[in-house]
Amino acid sequence: MRHHAAPKAPADDKPPYAAIALISAAALAYEILLTRIFAIVHWHHLVSVAISLALLGYGASGTFLVLFGNRLRRHFAATFVAHLLLFGVAVVFCVHLAQRIAFDPLALVWEPRQLIPLTTTFLVLAVPFFIAANGIGLALWVTRTRVATLYAADLMGAAAGTLLLLGALTITDAARVLHWLLPVSALSAIVAAVSLRWYPRRVTLVVLGLIVMHALVPSGELVPAIYKDLSRALAVDGASIEHSTSDIEGRIDIVDNPVIPIRSAPGLSLLARSLPPKQRALYIDGELSGTLVDFRQQPDASRFLTESLGALPFRIGRPLTRVAVLQAGTGARVQQALHLGAQRVLAVDTRPHLQMLVCGRYAWLQPEVCLSEGVVWQTQAARAAMAASTEDFDLITLALSADPAGLDALSIDHEATVEALSVYLRRLSHRGVLAIEGPTRLPPRLSLRILDTLKHALRATGVTHPEQHLAMLRAWNRFVILATPTAWNAGELQAMRTFGAQFAFDLVWLPAISRDEVNRFQQQPSPLFHDGARQVLAEVEAGGCDDPPRREPITDDRPYPWLSTCWREWLSAVQSGQRSDWTRLDTGFLLALAVASVTGAAAVLLILLPLALLRRPSTPADRRVPWLRTLAYFGLIGGAFLTLEIAWIDHLQMFLGHPLYATSVVLAGMLLFAGAGSAWSQRRAVSGGRRLLRNAVVVIVASAVVYLVALPGLFEYTANAPLAIRAVIALLLLAPPAFAMGIPFPVGLTALQRHAAPLVPWAWGINGCASVIAAATAPLLSAELGFSGLVVLSALSYAALGAIGLLRKCEIP
Amino acid sequence: MPQPPSLSAALFLAVMLLPAAVPAQGGAWPSVASRALWQEVDMLLAHLAGETGFARLSPRVRAALEAVPRPRFIPEDQRTAAYENRPVPIGYGQTISQPLIVAIMSELLAVQPGDKVFELGTGSGYQAAILAELGAQVFSVEIVAELAQRARGTLDELGYSSAQTRLGDGYFGWPEHAPFDAIIVTAANDHIPPPLIQQLKSGGRMVIPVGSRYTTQKLVMVERDAEGQIRTRELMPVTFVPLTGVR
């Protein structure tokens, strides 16, 4: 749980409320900005890592203050102001330094030494948190009688920081906002010096120097690492960024290369006779996210789209005049639909900035896609758009991308779950078709999971024999799956066979397909895709991970389409001891394991080890204190709190539409409500600790049960509300459990201060350590247990710590 | 009178000076390392025969692989990994392929002396050097100027001047020298450029490694038969190695 180290204060003075609020705001802004830094510079948002690093900084600071705080406290004003000043400098310096550390996540498979730059990067980025926490912790320490109000200022500042950050990111990019943390930090130092009436000339000069430095030194850029798509594209002779823009949801770069033009044509037949025209590549946060095709270059510029796998639905003979293109991106599938006969196209994409680029600045490239009368662009999440639509469609298309090494294994996507696909299927006309495209891997992974998910979605819409309603074809590196509410007729099946033969696309699944018909063009030693499809569609379930790779359907509870590695594969790889074995596993999962190990080790080394070395129980009385119970109680609080926090962040991405919104709302909400619960219970804990603890556990467990039952319906009902309304709903949902989750810590600490004071630093330490580890491991647990599993696990943990605190023989530690 | 150095001092000096004494390429030790690497590759190939269609390297390919000094194609700070069976970074977000994959691709291309081979993606120049060592006329295109320049320098230094390289767009192949007996596409995009398929001779072979920079999931082999028909095969030299228990 998030608490700042506040050992009993020896004295208090006029608390520097405003300075604390400012530095807390800056620290929380930095924490959320880290997710943008990770997304742009590295491979993922890594929300849990950002939280884990913040907790590591705060935890290490707690231990530091316990051990050395007395010395700092003697010069409180100077030390406090210095820490506030240092924070801003550290943010700018550490982010700059972290980008200079060469680290390649994909190389980790072959080079365990990559753990060194990985660890160094994370430790460097945790330094600003350590500095901010030292300042806040010191202030809490010297302010004995007004701790609660100062703590409130801390929490309010953090919440305000979230709002200010979101506002700032709507008008400028993450790098500039980071740069602005320097003057905010200097301002907090000035405010602190004024409120403490401490005006040494040197500090004034330093503050002025920092402000001048901020004004003179331009903000640094966030540079994607060398392995990112954008960096590699820019290394190509002739490439340059033609346009770059940022909004709250990401950074968009358009790269043009007149010397070596970019040409993308996913699923293009080997027998294609047309050439894809020159294109501009579009990168979101440094990852290739589509291309802008100049369809005016030549009269038959769209022809290659007819020779691609994605043309299949248009070749089966059904009238497809009304088409919905989900996650329309740069509009290539819109062009394909128009070229192949669609009269009306609804193009849905959740990113307004992207749409403004495609159909604003670059509309001249693709006039049909943007300016045709029959095309309507809609800014909304695909699922919400389909749920709200009153129109039925003849074709709904969705295209998924995937990292070939499985770097995105723990990425969340709620647009391709059983629940989402059921919504799309219900929006189809009587003879409508849902088409899903994506890249293939070997052995088959994403493709068969999508097939399985479609099977369950068809069943959810009332289809009793889904295998009669599905069709699947593949090119050498791509698949397409069609699903329909009306079973295929013989003519349509023949049309699919003809299309496959014409363009050398392999049949994978058709109703009543024979094994002789498959694996003809892209020959594999055995028909892996067909055999896998047959297994998936058979009434006997494949059995999750019993038969790797992972085959269970994608659901809202476990929305990880790209997670394909099974525990059996992990065991096999670990047992073999061969590094080459690791290359077939999802790199994203491996990295999450590495990150959890690194941050966990850092937490033990920086938080617990110093305590173990310098604060060992020395007297017999010390040794009689309830060590195990204390460790279990405070460890469970830290673990359960952060597990639930990460679970909420992941789950609310579906509801709020972007990781940044979910992170901001959950962090601010949890801080505010848990802080309020903590402050509310502080005085009451002295006399009524047991009752408070019991009630808190009841609220947490009850809210877990209610939410597990009621949340899906509530989210579906409110999915189309404005973002601000959804954010308020999310905050209201968080309030009861978060308020209750703030109670066990002060209750336990109060009891500990009375009965086993030497263990207080350990309580802080073990709580901080468990928090860091839980934050880092929660994504891994979520992949296996899902949101509901994490909620249950967290509720059980609270029930267990409640039992520890309430049982007669184990009174609150 | 100076004392003769003690045995321990001599050993200490020997150990300290050893790294400087070992040449970056050539010399006895790298030969031993090279042989060990290709022996390991041969052992793996024996277990992959069901996938690739051959149980060991042909003597010609084996000789070519042993003759080309892999460390010379790798940046100095990465050369300690030169004789490990793994991909190695060469800068600009690129890697030099895993020796096992290089060996399989070289074998699958079935290059004969005098054959014309087109390579899309010169990279370090290592594959081009092996093809040249096999007697092929190599035409290789690279899109990153620094890599193209470095590869050209290395090929010239090692005497593979016959391998032609150029910086530019390889999407359209090298029409002046087409058709080709073999094509290797080490920088595959999301599709195989149609001009490359058109520049493949009847009876020719094209090999495309598919995967990420550090993981080759499969090799796609495109063959044009005597009648000009195209067919492809997908080989999985890496993915299923562990599952078959090969060690």
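Not measured: the values here are computed from a predicted model. Residue numbering restarts at 1 for every chain, and letters A, B, ... go by the order of the sequence lines.
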Undergrad: Atom CG in B:Asp169, atom CZ in A:Arg263: separation rounded to 0.5 Å?
TA: 6.5 Å

Undergrad: Take atom CD of B:Gln39 as the centre, draw a 6.0 Å sphere, and report whether it contains more than 12 heavy atoms from other residues, nucleotides or ligands.
TA: yes

Undergrad: Where does B:Val144 contact chain A at under 4.5 Å (heavy atoms): side chain, backbone, both or neither?
TA: both

Undergrad: Within the supplied structure, the quantity of interest is the number of heavy atoms (other residues, nucleotides, ligands) at a distance under 6.0 Å from B:Lys201 NZ; does it exceed 12?
TA: yes

Undergrad: In Å, rounded to the nearest 0.5 Å, how long is the span from CG of B:Leu167 to CD1 of A:Ile260?
TA: 5.5 Å

Undergrad: Name the member of A:Ser269, A:Ala225, A:Pro276 that forms the most heavy-atom pairs with chain B at distances under 4.5 Å.
TA: A:Pro276

Undergrad: Identify which of B:Glu234, B:Arg231, B:Gln198 forms the greatest number of heavy-atom pairs closer than 4.5 Å to chain A.
TA: B:Glu234

Undergrad: Within this structure, what is the CZ-OG1 distance for the pair A:Arg520 and B:Thr232, rounded to the nearest 0.5 Å?
TA: 12.5 Å

Undergrad: Let me know if B:Gln78 has heavy atoms under 4.5 Å from chain A in its side chain, its backbone, both or neither.
TA: side chain

Undergrad: Heavy-atom pairs under 4.5 Å with chain B are the metric here; pick the option from A:Ala475, A:Pro525, A:Ala265, A:Ala272 that has the most.
TA: A:Ala265

Undergrad: Which atoms of B:Pro193 are under 4.5 Å from chain A, going by heavy atoms: the side chain, the backbone, both sets, or neither?
TA: neither

Undergrad: Just wondering, are more than 12 heavy atoms of other shown residues or ligands nearer than 6.0 Å to CZ in B:Arg56?
TA: no

Undergrad: Rounded to the nearest 0.5 Å, how far does OG1 of A:Thr291 lie from CG of B:Asp190?
TA: 8.0 Å

Undergrad: Using heavy-atom distances under 4.5 Å, tell me whether B:Tyr171 contacts chain A through its side chain, its backbone, both, or neither.
TA: side chain

Undergrad: Under 4.5 Å from any heavy atom of chain B, what part of A:Tyr227 do you find: side chain, backbone, both or neither?
TA: both

Undergrad: Would you mind checking which part of A:Leu271 comes under 4.5 Å of any heavy atom in chain B, side chain (CB onward), backbone (N, CA, C, O), both or neither?
TA: side chain

Undergrad: Measuring from B:His191:NE2 to A:Leu309:CG, what's the distance to the nearest 0.5 Å?
TA: 14.5 Å

Undergrad: Given heavy-atom pairs under 4.5 angstrom as the criterion, report whether the side chain, backbone, both or neither of A:Arg478 touches chain B.
TA: neither

Undergrad: Distance from B:Glu146 atom CD to A:Asp237 atom CG, nearest 0.5 Å?
TA: 8.0 Å

Undergrad: Please evaluate residues A:Leu270 and B:Met206 with respect to the criterion side-chain contact (heavy atoms from CB on, under 4.5 Å), reporting the C-alpha separation (whole Å), side-chain torsions for both, the decisive distance (0.1 Å), and the verdict.
TA: CA-CA 12 Å; A:Leu270 288 174; B:Met206 180 192 295; over 6 Å; no

Undergrad: Looking at B:Gly91, B:Pro194, B:Ala148, B:Pro195, which has the largest count of heavy-atom pairs under 4.5 Å with chain A?
TA: B:Pro194

Undergrad: Considering only heavy atoms, which portion of A:Ala107 lies under 4.5 Å from any heavy atom of chain B: side chain, backbone, both, or neither?
TA: both

Undergrad: Are any non-hydrogen side-chain atoms of A:Trp476 and B:Ile192 less than 4.5 angstrom apart?
TA: yes

Undergrad: Quick check for you: among B:Gly170, B:Pro87, B:Ala145, B:Pro89, which has the greatest number of heavy-atom pairs under 4.5 Å with chain A?
TA: B:Pro87

Undergrad: Give, as side chain, backbone, both or neither, the part of A:Ser274 having an atom under 4.5 angstrom from any heavy atom of chain B.
TA: backbone

Undergrad: Pick one: which of A:Val236, A:Asn257, A:Val259 meets side chain to side chain contact (heavy atoms under 4.5 Å, CB included) with B:Ile143?
TA: A:Val236

Undergrad: What part of A:Pro439 is in contact with chain B, defined as an atom under 4.5 angstrom from a non-hydrogen atom: side chain, backbone, both or neither?
TA: neither

Undergrad: Heavy-atom cut-off 4.5 Å, strictly under: side chain, backbone, both or neither for A:Ser264 against chain B?
TA: both

